[in-house]
2 protein chains.
Amino acid sequence: MPPPPARRRIPDATVARLPIYLQILAEQSTAAIDNISSEGLAGLAGVNAAKVRKDLSYLGSYGTRGVGYDVGYLIYQIRRELGLNYDWPVIIVGAGNLGQALAGYGGFIDRGFPVGGIVDVDPAKFDVVVAGARVRPLDELSQIVESKDISIGVVAVPSSAAQDAADLLVKAGVTSILNFAPVILSVPVGITVRKVDLAVELQILSYHEQRRSVAQQNGQLQGAPADRGRGATA
Amino acid sequence: MPPPPARRRIPDATVARLPIYLQILAEQSTAAIDNISSEGLAGLAGVNAAKVRKDLSYLGSYGTRGVGYDVGYLIYQIRRELGLNYDWPVIIVGAGNLGQALAGYGGFIDRGFPVGGIVDVDPAKFDVVVAGARVRPLDELSQIVESKDISIGVVAVPSSAAQDAADLLVKAGVTSILNFAPVILSVPVGITVRKVDLAVELQILSYHEQRRSVAQQNGQLQGAPADRGRGATA
DNA sequence: CGACGCATGTGCGCGAGTTCACAAAGCGCT
DNA sequence: AGCGCTTTGTGAACTCGCGCACATGCGTCG
Ligand SMILES: NC(=O)c1ccc[n+]([C@@H]2O[C@H](COP(=O)([O-])OP(=O)(O)OC[C@H]3O[C@@H](n4cnc5c(N)ncnc54)[C@H](O)[C@@H]3O)[C@@H](O)[C@H]2O)c1
Ligand SMILES: NC(=O)c1ccc[n+]([C@@H]2O[C@H](COP(=O)([O-])OP(=O)(O)OC[C@H]3O[C@@H](n4cnc5c(N)ncnc54)[C@H](O)[C@@H]3O)[C@@H](O)[C@H]2O)c1
């Protein structure tokens, strides 16, 4: 077994890309490709090759000069760094439209995030079974989190109830929250929150569309904008 | 009516925040609050006040010194800049779990993105009615896009079919794509793609969790990482 | 066994974005 | 009308990430 993982801090921008690399590497592995160059990986990920190398260098020197990276080993290293060596059960709050779609989504458990529980306030939803999980009353949230040692919660309730849901999760001991409600959650320091807001995504697309149509009318006065964060105007 | 909108290019980072401001402002407006300071808006959005001011300054000088910003007017200006003055109908490809949840989600049309159509390859899905929209055969995609002049497409098909779906959308004339499949889409230049990948989000959370547990074992050697992009370790 | 070629790992300059700090500018009160 | 209080708008410093370019090191082939 190789030297212990380098314990330096990894830039957030890099952390956000590691899952992408991981997913591509997994595909390569399935395709029986056991070696890949930074160039190759960069092409598939849609980023710069130097960026790939720099990103991977934060994990350690796991490549072979003149050759490339061993796919399997790289997968192992990235998984280790992301904490994917063991499962992270998640608890979903809100068994509505979205909550049920999420619970039923196989891509969760496949990637090491089994649904450890799903709760709702609406008694009509109790005992509905989604992909093996049974919807439980909201009161049981705390107990579920404790008994299954869950540290990741998913908020899939209406906006008005989102802060309450987050408060409950935090009180129960959850330290990371994935929020689908279009509101900014306020949480204690030390709790990590990420937000997925479809409306925001669409509005960003809308901005580009609007820009395109304006540019068209003006005879392409402006250059095409580059994108940032996720996605790209490729 | 004030001077024509400043036509400078708005930084992508700012564009990504404008929808957040917009949503907060809408809430304030509902609460009969008709004026807000950069400080107040920043607090609600979870960002720095100076950043708010700089972001808003890209739209023009729409604040009043010593007072703040008029909520209604600011809403109008942001909406205009994002191209939200008129509706952008979207077409959803894939009427499975996710596609149906999306189509049935009221938050879409509420924010100016009515479902202009939803298509699938599976005949079993045809004519299923979701929130007023009827699922149509994939063949009709092009015709729907054309007849309704749709420029935004949503990809909600399995990964293996995502690139095909994207190609179809592009060929039909769509210029912006919101992709839910965990694959990198390759599209011609000039097409804007944004990706929403739940697994990526969860894996980023996992990283922070893993980091937390390591830090705990080591007696807090490392400082808590700041988050980037979306979400926050607040 | 030595030389060649190739891809990694990284030092460094550059640019974008963030934040500080302050001058400019309305508003209300005297 | 003037004065002081408040908050905007923005110049400027700073931080951070990106990408070039190249030295380094490994594998291979002669
Ligand atoms: N459906 C989508 O495609 C979609 C897309 C983007 C965002 N969202 C957001 O996700 C959230 C949920 O959307 P949805 O379509 O599933 O709504 P929904 O109304 O179908 O489901 C909400 C569920 O939450 C439950 N609930 C309400 N208050 C609760 C509380 N305090 N604690 C626990 N459960 C509670 C309700 O009983 C209901 O079952 C909303 O904030 C919505 O804006 C949904
Ligand atoms: N369900 C979720 O919560 C969820 C969450 C995150 C990501 N995703 C992603 O969203 C995508 C869809 O997920 P899902 O759960 O809805 O899957 P699903 O299997 O329920 O639905 C997929 C649908 O796409 C249709 N389809 C297949 N090939 C097609 C093609 N070439 N053209 C048009 N339609 C086609 C199928 O007939 C099916 O109806 C997947 O890529 C998945 O990874 C889903």
Side-chain angles (χ1 to χ4, degrees), chain A residues 2-3 6 8-18 20-21 25 33-71 73-74 77-78 204 223 225-230 232-233, chain B residues 2-3 6 8-18 20-21 25 33-71 73-74 77-78 204 223 225-230 232-233:
Chain A
R8 39 198 159 184
R9 199 175 157 291
I10 298 182
D12 297 313
T14 294
V15 172
R17 279 188 297 268
L18 288 179
I20 312 281
Y21 300 152
L25 290 168
I33 294 170
D34 57 353
N35 188 82
I36 193 169
S37 68
S38 62
E39 198 87 37
L41 184 48
L44 293 170
V47 300
N48 184 292
K51 202 188 290 186
V52 169
R53 289 198 296 275
K54 189 152 283 185
D55 284 343
L56 296 181
S57 77
Y58 289 114
L59 309 182
S61 284
Y62 299 136
T64 308
R65 297 178 184 219
V67 178
Y69 300 88
D70 180 88
V71 172
Y73 189 55
L74 205 48
Q77 289 299 340
I78 295 179
I204 294 173
D227 214 338
R228 180 200 123 94
R230 307 174 300 153
T233 300
Chain B
R8 41 201 156 183
R9 201 176 154 290
I10 297 181
D12 297 313
T14 294
V15 172
R17 281 187 296 269
L18 288 179
I20 312 281
Y21 301 151
L25 290 167
I33 294 170
D34 58 353
N35 189 84
I36 193 168
S37 68
S38 61
E39 198 88 37
L41 184 48
L44 293 170
V47 299
N48 185 292
K51 201 189 289 188
V52 169
R53 289 199 295 276
K54 187 147 283 188
D55 283 344
L56 296 181
S57 77
Y58 288 115
L59 310 182
S61 283
Y62 298 136
T64 306
R65 295 177 184 220
V67 177
Y69 299 88
D70 180 89
V71 172
Y73 190 55
L74 204 49
Q77 288 298 341
I78 295 179
I204 294 174
D227 216 336
R228 180 198 123 96
R230 308 174 300 154
T233 299

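Heavy atoms only: backbone and side chains are in, while hydrogens, waters and symmetry mates are out. The chains referred to below are lettered A, B, ... by the order of the sequence lines, with proteins before strands, and numbering in each begins at 1.
Distance check, rounded to the nearest 0.5 Å: CG of Leu74(A) to CG of Asp34(A) gives 12.5 Å. Taking NZ of Lys54(A) as the reference point, atom CG of Asn48(A) lies at 10.5 Å (rounded to 0.5 Å). The structure places CG of Asp70(B) at 10.0 Å from CG of Leu25(B), a figure rounded to the nearest 0.5 Å.
Between dC26(D) and Tyr69(A), no contact under 4.0 Å exists linking OP1 or OP2 to a side-chain N or O. The phosphate of dA7(C) has neither OP1 nor OP2 within less than 4.0 Å of any side-chain N or O from Asn35(A). An OP1 or OP2 oxygen of dT8(C) is reached within less than 4.0 angstrom by a side-chain nitrogen or oxygen of Ser38(A).
Rounded to an integer number of Å, the gap from CG of Asp12(B) to P of dC18(D) is 13 Å. If you measure from atom CG of Leu59(B) to atom P of dT8(D), you get 14 Å, rounded to the nearest angstrom. When rounded to the nearest whole Å, the span between CG of Asp70(B) and P of dT8(D) equals 13 Å. Whole-Å rounding puts the Ile36(A) CD1 to dC6(C) C1' distance at 16 Å. Following rounding to the nearest Å, Tyr62(B) (OH) and dT10(D) (P) show an atom-to-atom distance of 12 Å. Atom CG of Asn48(A) is separated from atom P of dT10(C) by 17 Å (rounded to the nearest Å). Atom-to-atom, CD of Gln77(A) to C1' of dG9(C) comes out at 16 Å; the value is rounded to the nearest Å.
Side chains of Leu18(A) and Leu59(A) form a contact here, defined as non-hydrogen atoms less than 4.5 Å apart. Looking only at side-chain heavy atoms (C-beta outward), Tyr69(B) and Leu56(B) come within less than 4.5 Å of each other. The side-chain heavy atoms of Tyr21(A) and Val47(A), taken from C-beta on, include a pair separated by under 4.5 Å.
Nearest-nucleotide mapping onto DNA chain D: of Pro11(A) and Glu39(B), the residue sitting toward the 5' end is Glu39(B).
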In B/S/- notation, 5' to 3', how is nucleotides 24-30 of chain C contacted by protein heavy atoms closer than 4.0 Å? BBBS---
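Non-hydrogen atoms lying under 4.0 Å from DNA chain C are contributed by Ala50(B), Lys51(B), Arg53(B), Lys54(B), all within residues 49-56 of chain B.
For the pair Ser37(B) (side chain) and Gly40(B) (backbone), a donor-acceptor distance under 3.5 Å is present. Counting only distance, with no hydrogens or angles, the side chain of Asn35(B) and the backbone of Val67(B) share a donor-acceptor pair below 3.5 Å.
Under the rule for a side-chain contact (heavy atoms from CB on, under 4.5 Å), the partners of Leu44(B) that lie at least two apart in sequence or sit in another chain are Ile24(B), Gln28(B), Ile36(B).
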